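Predicted model only: the values in this text are computed from it and were never measured.
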Amino acid sequence: MRASPEGGSKVGPRSLCSFVLALARMRLERLFLFEGESMAKEMNLETIRHSMAHVMAEAVLEIMPEAKIAIGPSIENGFYYDFDLPRPLTDADLETITEHMKAIIKSGVTFERKEISRDEARTLFADQPYKLELLDAIPEGETVSIYTQGKFTDLCRGPHVESTKDLSADGFKLLSIAGAYWRGNEKNPMLTRIYGTAWRNGKELRVYLDHLADIEKRDHRKLGKELDLFSLHEEAGPGLVYWHPRGARVRQAIEEFWRGEHYKNGYELVYTPHVGKSWLWETSGHLDFYKDSMYPKMEMDKADYYAKPMNCPFHIMIYKNSKHSYRELPFRWAELGTVYRYEKAGALHGLMRVRGFTQDDAHLFVTPEQMDDEIVEVLRFSLYMLHSFGFNDVHAYISTKPEKSVGRQEDWDAATAALKKAVEKEGLSYDIDEGGGAFYGPKIDLKVKDAIGREWQLSTVQFDFNLPERFDLTFVDRDGSEKRPYMIHRALLGSIERFFGVLIEHYAGAFPPWLSPDQIAIIPVGESAFDYCKALEKRLRGEGFRVAIDLSDDRLNAKIRNAQKMKTPYMLIIGEKEMSGDLTAFLPRTS
RNA sequence: GCCAAAGUAGCUCAGUGGUAGAGCAGCUCACUCGUAAUGAGCAGGUCGCGGGUUCGACUCCCAUCUUUGGCUCCA
């Protein structure tokens, strides 16, 4: 195939480059705006947002003087205020409140700080029970301050802007109404919370609203439908994923790469059953600890079977099939193992939280001496994998021994030290979650930032001091004695379903060619080119390309539009010219 | 669980106490097309499920199921 950038491509190589660069710059500017703001600016925005919350409270009291006010802090990107209201709010109320707020801002009243005694405060807020409660919660000896703007006074530590002139009447937007328990305790009354976002000016607000729209456009549930990738069917079982042909193509590409890299990295691939007798789960401890999140038992031949929630006991069965020498270790056994877990109906969410999913699981059986090297390798492999899929911003979390745990202290210490050493060796930034490990061993979790700066947990590497014990795993050491191997669980992508969801959002559905469902769309200009195109499709398929051919009777314009809607990276447009001259119009996807 | 919103055609969404609507997708026909939607026609729905009010309910009321967002950020 030959490209013809001059004739066929709207965006030649050079302009394509500058286009991509321009996009990258825009992206950086945006990231900078949301993440890289200097502390001073951030404080300023926080003050603006907090003051905006006061203005909103004033507006609400103007409309409903009998409302009781609770708290109104600034939050990331905005603010909220909680109210106890005489009636539920509607969207129309939000508009009215917004109008009142704009009027208050334009009136340019000042924020006055005053320090007062507790008694004065008690008199001032006599008919505001929530404020009285907050007042009582202020430690003795601490100053009690109030802020007043216009007719509104709030118990508040501050700081605030000097005047409502410092707020932008078109730099804020009320976003939603939600219920929230007073002080976050479900035994308390539920208050009405109004969320808003606030910025220095209308332009910043618009950038932020664009950002929200961008997140919405990237939603994998929406793109999954639009790009015909997968579906879920409530009537066939919530939380169970149906991979359509186009989604399956992406999965195949992921899995193919995954398998190849595992072979290269010294792993063996295994396959194990989807169900097992209760003996497995009694021995592993799952029936004790996780019965509620397992699919219920199936009875057969006077035995109870369970769908597997984990692959570990199955890999252990392979290990236990024969006696092992220290010379054979380490074993690195990987499996794309499909497991089933009962997640609460309310917790299900698209591909991110499902009931049946495929883990890219592996178990390493190692001697104590091999532990350090194996951890370093697993971590290096994880990073390689994440980078390969376009995730370059990785942060590690090390979780250490919790209060209730199994295994000897010296094993925990050694394993935790090995994890830290490996993370440092790879130069990763990390946080330590003291006491956050599972009862059976410490772990490293890797979180990545996606294209718009959201964090996702993907890889996990966990030590296990529990299962080797429970299943009585041994190997014969140099001196002829039987010893206990260490076991490491690890998943690099996590679950294929969730990973696919994250990938879709990361790329906003425009996958790089090696992952794209269709790499090339073959588009005949007219019916006379159909046979040529079919032959070309066969040839390209034969060479391993994922292709789509458009044999509809649509106009050429429509065919190009459809291919671009499906975010196909390349289009081959075939007409008389191409068939006679072996010259192909080659059109890359533009965004 | 609680608060709020939503559930109407495959998809996205209008709609009214009196025969159910659009766009896209689908099907048929015509056009045989050269770089971001060719035109015309046809078909498609127990208006989430169950009760109630009413002469009449998709619409109003009650109950229920499901989905979405929030309930962690603390004057």
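- Atom-to-atom, NE2 of A:H349 to P of B:G69 comes out at 6 Å; the value is rounded to the nearest Å.
- With distances taken from any side-chain atom of A:K225 to the nucleotides B:U12, B:C3, B:A37, the minimum falls on B:U12.
- Between A:R221 and the phosphate of B:G69, there is a side-chain N or O to OP1/OP2 separation shorter than 4.0 Å.
- For the C1' atom pair drawn from B:U53 and B:G26, the interatomic distance equals 41 Å after rounding to whole Å.
- Closest approach to the A:C156 side chain among B:C31, B:G69, B:A75 is made by B:A75 (side chain taken as heavy atoms from C-beta onward).
- The closest side-chain donor-acceptor pair between A:W456 and A:E505, if any, does not fall under 3.5 angstrom.
- No donor-acceptor pair closer than 3.5 Å links the side chain of A:E112 to the backbone N or O of A:T148.
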Report, one pair per line, the protein and nucleotides 72-74 of chain B atoms (nitrogen or oxygen only) whose separation is under 3.5 Å.
residue : atom : partner : partner atom : Å
B:U72   : OP2  : A:G184  : O            : 2.9
B:C74   : N4   : A:R183  : O            : 3.4

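- The base of B:A37 lies close enough to the side chain of A:R561 for a donor and an acceptor atom to sit less than 3.5 Å apart.
- Within a 6.0 Å radius of CD in A:E216, no more than 12 heavy atoms belonging to other residues, nucleotides or ligands are found.
- Defined by atom type and a distance below 3.5 Å, a donor-acceptor pair is present between the side-chain atoms of A:T400 and A:E434.
- In this structure, CD1 in A:I105 is found 10.0 Å from CD in A:E58, a value given to the nearest 0.5 Å.
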Where do N or O atoms of nucleotides 40-45 of chain B meet protein N or O atoms at under 3.5 Å, pair by pair?
none

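- At least one side-chain nitrogen or oxygen of A:N557 sits closer than 4.0 Å to the OP1 or OP2 atom of B:A37.
- Closest contact between the side chain of A:E578 and the listed nucleotides B:G70, B:A37, B:G34 involves B:G34.
- Applying the salt bridge (Lys or Arg N to Asp or Glu O under 4.0 Å) rule to A:D518 yields the partners A:R246, A:R249; only residues at least two apart in sequence or on another chain are considered.
- Looking at which nucleotide of RNA chain B each of A:G575 and A:M190 is closest to, the 5′-most match is held by A:M190.
- A:Q128 comes within 4.0 angstrom of nothing in the nucleic acid, heavy atoms only.
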